[in-house]
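Every chain is numbered from 1, with letters handed out A, B, ... down the list of sequences. These values consider heavy atoms only, across backbone and side chains, with no hydrogens, waters or symmetry-generated copies.
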Amino acid sequence: MKKGDHLFLIDGSGFIFRAFHALPPLTRKSDGLPIGAVSGFCNMLWKLLTDARDTSVGVTPTHFAVIFDYSSKTFRKEIYDAYKANRSAPPEELVPQFGLIRQATRAFNLPCIETEGFEADDIIATYARQAEAVGADVTIVSSDKDLMQLVTPMVHMYDSMKDKQIGVPDVIEKWGVSPEKMIDLQALVGDSVDNVPGIPGIGPKTAAQLLEEFGDLESLLARAGEIKQVKRRENIQAFAEQARLSRQLVELRTDVPLELDLGALLLEPQDGPKLIGFLKAMEFGTLMRRVAAACDCDANAIEPVTIEVEWGAEARGPDLDAASSADTGEAAADAPANPAKAVVAKSTDGATPAELADTRIASFANAKIDTTSYVTIRDIEVLDDWIKAARETGLVGFDTETNSLDPMQAELVGFSLAIADNTGNPSGLEVRAAYVPLTHKTGVGDLLGGGLAENQLSPRQALDRLKPLLEDPSVLKVAQNLKFDYLVMKRHGITVKSYDDTMLMSYVLDAGKTTHGMDTLSERWLNHKPIAFKDVAGSGKSGVTFDFVDIDRAATYAAEDADVTLRLWMVLKPQLAAMGLTRIYERLERPLVEVLARMEERGISIDRQILSRLSGELAQKAAAFEDEIYELAGEKFTIGSPKQLGDILFGKMGLPGGSKTKTGQWSTSAQVLEDLAAEGAALPRKIVDWRQLTKLKSTYTDALPGYVHPETKRVHTSYSLASTTTGRLSSSEPNLQNIPVRTAEGRKIRTAFIASPGHKLLSADYSQIELRVLAHVADIPQLRQAFADGIDIHAMTASEMFGVPVEGMPSDIRRRAKAINFGIIYGISAFGLANQLSIERSEAGDYIKKYFERFPGIRDYMDSTKAFAREHGYVETIFGRRAHYPEIKSSNPSMRAFNERAAINAPIQGSAADIIRRAMVKMEKVLGDAGLGERVRMLLQVHDELIFEVEDADVEKAMPIIVSTMEQAAMPAISMKVPLKVDARAAANWDEAH
DNA sequence: ACGTACACCTA
DNA sequence: GTAGGTGTACGTC
């Protein structure tokens with residue numbers, strides 16, 4: 001090898017794992033042999049050997065080698081026994097592919113290199129340094145960070161899946177240090193996957209900063225005393241040796257004894273027939289034809305070679321799994337046909353929705369936003385002109401400015417409008433915006449100030465002009481998080497009609513990918529960073545409410561919001577059509593804005609006396625516990641501090657610690673304390689009880705009265721429509737979706753949620769909605785039958801699994817089946833089920849196996865959902881809502897597994913969420929048609945439950961209407977294969993109604 | 001004043 | 001094992 005040569009080193013072992021998880025998982029040969037990783041590997045090799053110039057590497061190789069790990073017994077294991085100790089066995093489907101990939105390498109006429117006692121990384125390091133020494137360029141095909149320490153101006157890495165080359169600047173950009181410092185950085189940070197310990201509390205950012213300051217690891221350890229942060233200093237001093245050990249583990253060896261020298265890696269011409277024989281045997285038709293064309297061979301004349309398959313010791317034969325190979329990728333196959341997907345509608349300018357979407361994205365990403373062009377409106381004639389323009393275009397961006405984030409308390413300070421003058425232009429780039437200040441004040445907080453600033457339109461006059469525009473159904477109002485503005489305007493006597501909400505559009509398109517706040521969306525779609533609120537109003541102590549912001553600064557900020565919102569609408573609206581998601585947006589999102597606004601506006605009544613009495617009781621009981629706890633501990637301490645508590649329990653008292661938290665502290669979770677109590681220790685039980693009491697007191701009885709609105713005297717929660725990945729709502733300030741119900745003590749809090757005089761609270765909840773959804777989507781005969789017959793579903797499961805008759809089922813057996821049923825919905829793992837049931841993981845694994853034997857359709861459903869998620873990056877509910885899981889191909893196994901479980905759960909949880917959303921949207925009309933419009937008021941939603949306030953006389957009439965609306969909510973979009981069941985009760989308070 | 005860790009409340 | 005929000009302690013800015 002000489003200067004100018006180019007050596008390619010393929011990290012074969014790394015590729016196998018990465019390909020396995022990146023590619024469709026159940027790709028199999030016709031005999032059932034899983035070959036997804038092999039296929040990806042062959043395609044990559046061919047691309048690098050023939051078309052490397054077309055990749056971001058840009059050069060073709062002169063020398064080439066594929067490197068593999070030999071076994072797990074390496075020198076690292078010798079110096080640190082726990083190295084890679086928490087690696088689990090490779091997935092079953094992967095086992096035979098290790099051997100096949102070596103066979104593939106040989107079929108490509110490439111050297112296949114491995115050395116006992118060393119990892120592939122060390123061999124790569126050795127070759128890379130040798131090649132560099134003779135002046136050759138090196139490309140390491142891998143994206144493993146462990147190899148980044150090798151990068152130099154001569155040595156690059158190449159991520160073949162992202163087609164991305166990684167050089168010195170890329171390493172610095174990603175890790176904050178140059179490649180030669182990567183070893184020290186990894187020594188500090190550690191690696192949970194390989195079980196390299198590092199130093200606790202040091203992550204990549206901190207490590208990079210420390211190395212920047214101290215130069216290298218040894219200097220840092222020597223001068224650790226100079227570090228100001230106490231905790232950090234102590235950790236670095238305490239774990240110095242651990243860091244040195246970690247450094248030894250992560251530093252790659254460059255002195256591995258090698259059988260083949262560099263010259264032996266010279267790239268040989270392909271042996272066409274040999275390669276084709278292999279590809280044919282593997283049934284890689286496309287690649288085979290490509291190779292045949294390139295080599296001028298007749299593939300038909302070549303016999304497939306015999307493939308030797310090495311299954312792992314415990315793996316099953318290749319012929320057992322034909323059933324699951326055929327029908328993968330069919331998740332949610334019976335989602336309703338969406339016309340927008342099937343029929344490509346033509347838009348006005350002749351482009352398809354997809355083309356229009358692309359055009360819009362491109363033009364708005366490049367359009368500069370000129371914030372100096374905004375207008376401040378101080379004359380009624382000017383406002384009239386803007387309103388007239390909005391009427392002419394039929395489209396207006398709208399935003400309110402207030403003095404509070406709470407729409408029930410907020411007073412209007414001003415509003416802004418944005419107008420697109422040339423809507424006929426497909427790029428729609430002409431946007432102008434204006435701010436109308438109404439109640440800005442003078443003198444920022446000074447004692448003389450507080451008067452109304454001059455030269456503002458009177459709110460009364462301006463709103464009189466604005467009202468007809470906002471209420472005109474022929475003018476589309478576009479806002480970001482409209483529910484806020486809707487409520488504010490409603491409290492000023494204006495009911496917005498015809499609207500779009502850019503936040504919800506983004507949510508429908510991208511749930512799971514990003515958050516949907518305006519600043520995020522603007523940076524993403526418009527390449528524009530809007531003025532931050534805190535830059536105009538300050539924050540914290542020096543922060544002021546918007547009415548004290550100087551009008552000129554306020555105008556720029558406010559007008560920009562309307563401008564950005566309207567631009568976002570132009571970008572997002574066509575994407576909804578292009579992606580076939582318009583119906584989701586229009587039926588499940590947009591109409592909920594006003595439904596939820598009304599629910600929030602109504603609020604719910606609470607009895608402060610009950611809460612205050614409860615608070616007193618809880619305080620007394622907690623105080624009694626505190627005395628006993630101090631007595632048992634022998635000293636006073638902060639019981640609420642897990643750290644101090646841990647010191648008492650596991651240090652002073654010497655109790656055996658159970659598990660550790662991820663920061664290395666002893667866990668003091670309820671589970672651990674319960675276990676200690678079971679061993680006979682007195683203190684842990686008291687702590688658990690104390691925690692329960694203080695939790696109830698601080699979070700509920702003490703906090704809730706603070707949320708009572710000064711005028712309505714009711715509690716108005718705020719629902720978020722766009723903060724979950726699955727489609728559920730969330731509730732905050734206060735969260736009324738987590739009011740206690742499980743314990744008798746907790747339920748007392750529910751008695752404080754009361755109906756107004758002359759009314760009842762009516763609670764209606766779906767019974768087992770998620771299991772019913774599962775029975776529907778996975779189409780499980782026994783589950784469908786059980787639900788159709790109204791049988792106890794957990795007992796039925798137990799009966800199927802354990803062969804116990806449903807009659808006289810022991811409660812413990814049923815409990816286990818119930819945990820399994822929940823586990824299935826949550827994307828079951830043996831680990832989780834074992835935890836839940838306090839049993840061994842192996843036993844939990846047996847249960848799961850048994851369950852899948854009894855309900856093979858569930859396993860198929862889970863597999864196909866995973867495969868769909870991996871292929872597309874998202875999953876769908878039965879109505880077509882998407883939940884994205886961009887990390888599902890993560891190379892971190894636990895991260896990946898987590899995403900897989902979430903992706904399995906999302907269609908179930910999300911479909912249930914969609915069903916109750918549909919019920920909510922329909923509910924008001926149904927009640928109105930029954931003449932109950934004002935007499936039955938929907939107040940709260942708790943995921944599978946709706947709470948209404950109903951006039952006493954109307955309870956009997958309302959109940960069946962509510963129940964039937966909820967039970968029929970999936971219709972007509974989806975005809976469920978199992979009936980939905982709703983239970984309802986009415987009572988004076990929420991506890992009795994539930 | 002703000003962010004993170006931990007614990008714990010709900011479906 | 002899924003999806004959320006909030007309170008307390010404790011750290012850093």
Side-chain angles (χ1 to χ4, degrees), chain A residues 201 203 206 228-232 511-512 534 538-543 637-646 660-673 687-688 691-692 694-700 702-704 707 717-720 723-743 745-747 749-750 765-766 768-770 819-837 841 844 848 862 883 894 897-910 912-913 916 940-945 994:
Chain A
T206 310
K228 289 195 214 70
Q229 296 90 333
V230 182
K231 191 82 193 162
R232 188 174 294 173
K534 66 172 194 298
S539 70
K541 224 180 182 115
S542 55
F637 65 103
T638 309
I639 308 172
S641 162
K643 187 167 136 42
Q644 291 188 32
L645 176 62
K660 296 240 180 129
T661 66
K662 71 175 176 191
T663 47
Q665 293 282 326
W666 285 111
S667 166
T668 65
S669 67
Q671 178 67 59
V672 169
L673 298 181
I687 302 287
V688 171
R691 277 189 184 159
Q692 194 207 358
T694 53
K695 171 81 180 178
L696 293 177
K697 182 171 186 291
S698 67
T699 311
Y700 302 105
D702 289 354
L704 281 172
Y707 287 102
T717 184
S718 173
Y719 287 104
S720 170
S723 57
T724 71
T725 303
T726 54
R728 273 193 177 178
L729 305 178
S730 74
S731 156
S732 64
E733 293 179 302
N735 181 355
L736 295 185
Q737 292 181 321
N738 72 345
I739 302 301
V741 70
R742 243 181 59 258
T743 64
E745 197 71 39
R747 268 200 302 277
I749 290 161
R750 291 201 169 209
D765 68 297
Y766 284 104
Q768 312 278 16
I769 187 166
E770 294 192 346
I820 293 166
N821 277 333
F822 274 99
I824 293 295
I825 289 169
Y826 297 155
I828 201 149
S829 76
F831 180 84
L833 183 62
N835 259 348
Q836 178 67 34
L837 288 175
R841 206 188 302 192
I848 294 169
M862 293 174 87
S894 67
F898 175 77
N899 276 276
E900 287 172 355
R901 290 193 299 270
I904 287 169
N905 172 257
I908 304 170
Q909 188 186 114
I916 197 166
L940 302 178
Q941 189 252 41
V942 191
H943 307 309
D944 65 359
E945 177 187 16
H994 183 74

At under 4.0 Å between heavy atoms, which parts of nucleotides 7-13 of chain C does protein reach? Answer with one letter per nucleotide, 5' to 3': B base, S sugar-phosphate only, - none. SSSS-SS
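- Annotation: the span from T699(A) atom OG1 to I739(A) atom CD1 amounts to 9.5 Å, rounded to 0.5 Å.
- The phosphate of dA7(B) (OP1 or OP2) has no side-chain N or O of S669(A) nearer than 4.0 angstrom.
- Taking 4.0 angstrom as the limit, R728(A) places none of its side-chain polar atoms (N or O) nearer than this to OP1 or OP2 of dA11(B).
- Atom CD1 of I828(A) sits about 4.0 Å away from atom CD1 of I848(A), to the nearest 0.5 Å.
- Among the atoms of the strands shown, only primed sugar atoms or phosphate atoms (P, OP1, OP2) are found under 4.0 Å from some heavy atom of S731(A).
- Shown here are the salt bridge (Lys or Arg N to Asp or Glu O under 4.0 Å) partners of K695(A), two or more places apart in sequence or in another chain: there are none.
- Within the structure, every side-chain polar atom (N or O) of T724(A) is placed at least 4.0 Å from both OP1 and OP2 of dG4(C).
- Nearest heavy atoms, A844(A) versus A830(A): CB-O, 3.4 Å.
- The shortest distance between the side-chain N/O atoms of R901(A) and the OP1/OP2 oxygens of dT2(C) is below 4.0 Å.
- Residue contacts for I739(A): at a heavy-atom cut-off of 4.0 Å it reaches the sugar-phosphate backbone alone, with no base atom in range.
- The heavy-atom pair separating V741(A) from R747(A) by the smallest distance is O-NH1, 2.8 Å.
- Atoms CG and CD, on D944(A) and Q909(A) in that order, are 11.0 Å from each other to the nearest 0.5 Å.
- As judged by a 4.0 angstrom heavy-atom cut-off over every strand, A844(A) is placed among residues making no nucleic acid contact.
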